[in-house]
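Following: one structure in structure tokens, then a few remarks.
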Amino acid sequence: VEQYVNNDPAVKGIWCVPKYSNPTGISYSDETVKRFAALKPAAEDFMIYWDNAYCVHHLYEDDRDEILNILDECKKAGNPDMVFIFASTSKISFPGSGVSVVASSLNNVSWILKLMGVQTIGHDKINQLRHVRFFKDINGLMEHMKKHGELLRPKFAAVTDTLEKELTGLEIGSWVKPKGGYFISFDALPGCAKSIVAKCKALGVTLTGAGATYPYGKDPLDSNIRIAPTFPSTEEMKDAARVFVLCVKLASVEKLLEG
Ligand SMILES: Cc1ncc(COP(=O)(O)O)c(C=O)c1O
């Protein structure tokens, strides 16, 4: 990133999901945040779009990721106007009909307010009030997120426990065990992702399409599958995870025999 941003004026921005990233579930280290903040872009109008969509979406109460505040770090590094931070209650209250947030320097916020003045007549203030009354303050929000965590923990465990039990040591797949967010990212042997997704579908388990998280949906290695355990019940998720590992094994054997 540093090499491209600092040398190529055609690079105008980067979109980041810094915490419990979609799709990998990882969070940026302090060093990574500081290096983003200290970029010396070749383009004068380069911007970082810091999509902190999973900022309070922890799975565990005692084992959480926290990241540095990019705005503070940008100020320290002499780049106070280089970042827009986004968040929303899409995965807190209602997807697509909650409240969204943008944070930035005073300069940038005044610029956005000018644009918004002609973009929208007014916000949905009733919905904003609904959110304030329901959550009350940051403590109310964190209590609410604990309940989400309780619902999601067993569903994530259904996937990661099955992956660990069935695939550890076989060298036919790797995955990250996230501490928050909404996804588990699985890397199969190269050339196997589409086949695994098709095999699961034939057995009644619908996964997000292979390669969905890549630009234009094209995974050059055909290896990545993003597992979203949030929607099914825990029991369904346990069955689906068993189907998934079976299909990973089948697709891998087929691939290895081909070679
Ligand atoms: C990383 C990321 N950013 C943004 C969004 C969407 O947020 P909103 O519904 O507020 O546009 C999602 C998914 O809902 C997401 O996973």
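Atoms within each ligand, like the ligands themselves, are counted from 1 in listed order.
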What orientation do W15 and Y49 show, parallel under 30°, tilted 30 to 60°, or perpendicular over 60°? parallel
Per-atom contacts of ligand 1 with S88, taking only distances under 4.0 Å to non-hydrogen atoms: 7 (O), 8 (P), 10 (O)
Please report whether ligand 1 has a polar contact with S100, defined as an N or O pair separated by less than 3.5 Å (distance criterion only). no
The single option from I67, V56, D51 passing side chain to side chain contact (heavy atoms under 4.5 Å, CB included) against K19: I67
Aromatic rings F134 and H144: how do their planes relate, parallel, tilted or perpendicular, breaks at 30° and 60°? perpendicular
Do the ring planes of F94 and H131 sit parallel (below 30°), tilted (30 to 60°) or perpendicular (above 60°)? perpendicular
Do the non-hydrogen side-chain atoms of S88 and V101 ever get within less than 4.5 Å of each other? no
Protein contact for atom 11 (O) of ligand 1 (heavy atom, distance under 4.0 Å): no
Contact between P178 and Y20 at the side-chain level, heavy atoms closer than 4.5 Å - yes or no? no
Sub-4.0 Å atoms of ligand 1 with respect to non-hydrogen atoms of K91: 5 (C), 12 (C), 13 (C), 14 (O), 15 (C), 16 (O)
Best match, D51, V17, V101: closest heavy atom to atom 2 (C) of ligand 1: D51
Which heavy atom of the protein is the closest neighbour of atom 8 (P) of ligand 1, given with residue, atom name and distance? S90 OG, 3.3 Å
For ligand 1, does Y54 get within less than 4.0 Å through its side chain, its backbone, both, or neither, judged by non-hydrogen atoms? side chain
